[in-house]
Amino acid sequence: MLTVEQVKQVLTGLASWAEDLMIDFQLSEEQKALIETARRFTKEQIIPIAAECDRDSKFPMHVFKQAWEIGLVNTTCPAEYGGAALGELENALMSEELAYGCSGIQTSILANVLALTPIKLAGNEEQKKKYLGMLTSEPIMASYATTEPGAGSDVAGLTTRFTRHGDDFVLNGQKCWITNASYARFYVVFATSDPSLRHKGIAAFIVDRDLPGLRPGKKEDKLGQRASDTAVVHLDDVKVPKANLLAPEGAGFKLAMETFNQTRPDIAAGAAGVMRRALDESVAYAKERKTFGVPIAQHQLIQAMLAEMAIRLEATRLLYMKAAHNLDSGVRDPIVSSYAKAFGADAAMATTIDAVQIFGGNGYVKEYPVEKLMRDAKVLQIYEGTSQIQRLVIARSLLA
Ligand SMILES: Cc1cc2nc3c(=O)[nH]c(=O)nc-3n(C[C@H](O)[C@H](O)[C@H](O)COP(=O)(O)OP(=O)(O)OC[C@H]3O[C@@H](n4cnc5c(N)ncnc54)[C@H](O)[C@@H]3O)c2cc1C
């Protein structure tokens with residue numbers, strides 16, 4: 001039995017512990033202003049053209065350039081290289097807004113962050129000055145390339161080879177599914193000295209687009225996110241100067257994984273944007289559409305779907321914010337990024353399927369916006385590590 005004095009001590013201890021752990025769900029004025037800017041940009045520049053870009057599978061370069069002009073591209077690039085040096089949380093908040101308009105366009109705008117992150121993490125001063133400087137001095141794109149026809153989930157199974165050529169390197173192989181590959185000015189390419197070494201053989205290189213032997217290839221005709229560019233990159237005897245070695249042999253795999261740890265919260269944030277759009281469209285439609293003499297919003301089974309959508313959206317928000325906040329606070333915990341990515345992607349898929357259901361037959365045609373949301377959501381469960389791979393990351397950490 002505790003004495004009164006002991007109870008007081010425990011309560012005092014708890015109070016100071018709670019102070020240390022103070023969780024603040026309020027956004028700063030700067031974060032609110034960023035959201036406002038991205039929201040206005042989405043409303044004025046993205047939503048009006050999203051359906052056309054989806055139909056024609058066309059990336060709106062002028063929108064990318066406008067986004068770059070107002071600072072919505074390369075957001076996490078450090079200030080010394082011309083960037084806005086925003087945190088991962090700000091980047092994620094912005095991603096949610098852009099994805100509300102079109103997650104294909106959002107993916108293309110965000111792909112530069114995927115390419116600049118490994119340079120930020122592992123680049124030397126000259127590499128950062130040159131390549132991050134290029135991204136911030138003009139509206140150009142860069143791509144990140146791990147995936148190959150024979151190696152997607154199994155990154156350590158990649159077979160693009162590098163061989164030494166004097167002090168330099170020669171790259172041979174093929175990358176596929178590379179976002180913005182048709183337009184990128186440079187690529188962060190992961191390659192191996194010997195595929196049998198698996199992760200121990202992998203290095204990373206910054207490869208300029210204009211090097212002889214590098215050729216962007218076939219552009220994919222996708223189910224969703226059709227506004228984003230996804231293409232093959234051929235590497236045939238590409239001579240890469242030694243100055244462009246980003247991570248030496250044996251360090252490339254870890255760099256690829258650390259990059260995903262940093263960028264997965266953005267995928268979850270994009271999922272939140274898609275869900276918020278699906279929910280808004282569904283609420284508006286449910287109030288309008290009548291069956292059995294009343295708006296369908298009055299049917300409790302419709303209400304249940306709307307409520308589930310809102311729960312999933314809020315839970316995804318909390319997860320992506322925690323994952324991004326962790327990264328900004330220097331906490332390296334890939335498991336939270338994987339929680340956010342896995343939950344957010346699955347939640348967006350379920351939510352957009354529900355949105356199509358609420359629209360009935362109208363949900364199944366392109367005249368209404370929700371079938372696009374459903375097609376767009378699917379890839380969230382696939383890229384940057386499938387939903388299965390996120391679960392493997394989580395389970396591995398639990399069982400370690
Ligand atoms: C639109 C789009 C954009 C992309 N952008 C990029 C990019 O910019 N850069 C880049 O490098 N890549 C990119 N990718 C590639 C993407 O990361 C891969 O498609 C993804 O990692 C899955 O690899 P895969 O397609 O080879 O599928 P596979 O690895 O062949 O997987 C097939 C299925 O098997 C499951 N599976 C695989 N292994 C296991 C396991 N051990 N246990 C249980 N299930 C398993 C998977 O979850 C999946 O369901 C993009 C892909 C798409 C579709």
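In listed order, ligands and their atoms are each counted from 1. All residue numbers in this chain count up from 1 along the given sequence.
- By the neighbour-count criterion of 12 heavy atoms within 6.0 Å, atom NE2 of His165 is sparsely surrounded, having that number or fewer from other residues, nucleotides or ligands.
- Below 30°, between 30° and 60°, or above 60°: for Phe186 and Tyr131 the angle between ring planes is above 60°, a perpendicular geometry.
- Remark: Arg161 engages no residue in a side-chain hydrogen bond (donor to acceptor under 3.5 Å, both in side chains) (not counting sequence neighbours).
- The environment of NZ in Lys32 is crowded: more than 12 heavy-atom neighbours from other residues, nucleotides or ligands sit within 6.0 Å.
- For a heavy-atom separation below 4.0 Å, the residues in contact with ligand 1 are Tyr144, Ala145, Thr146, Thr147, Gly152, Ser153, Trp177, Ile178, Thr179, Lys222, Thr230, Val379, Ile382, Tyr383, Glu384, Thr386, Gln388, Leu392.
- Between Phe162 and Phe190, the ring center distance fails the sub-6.0 Å criterion.
- Between Phe253 and His199, the two ring planes are tilted [angle within 30° to 60°].
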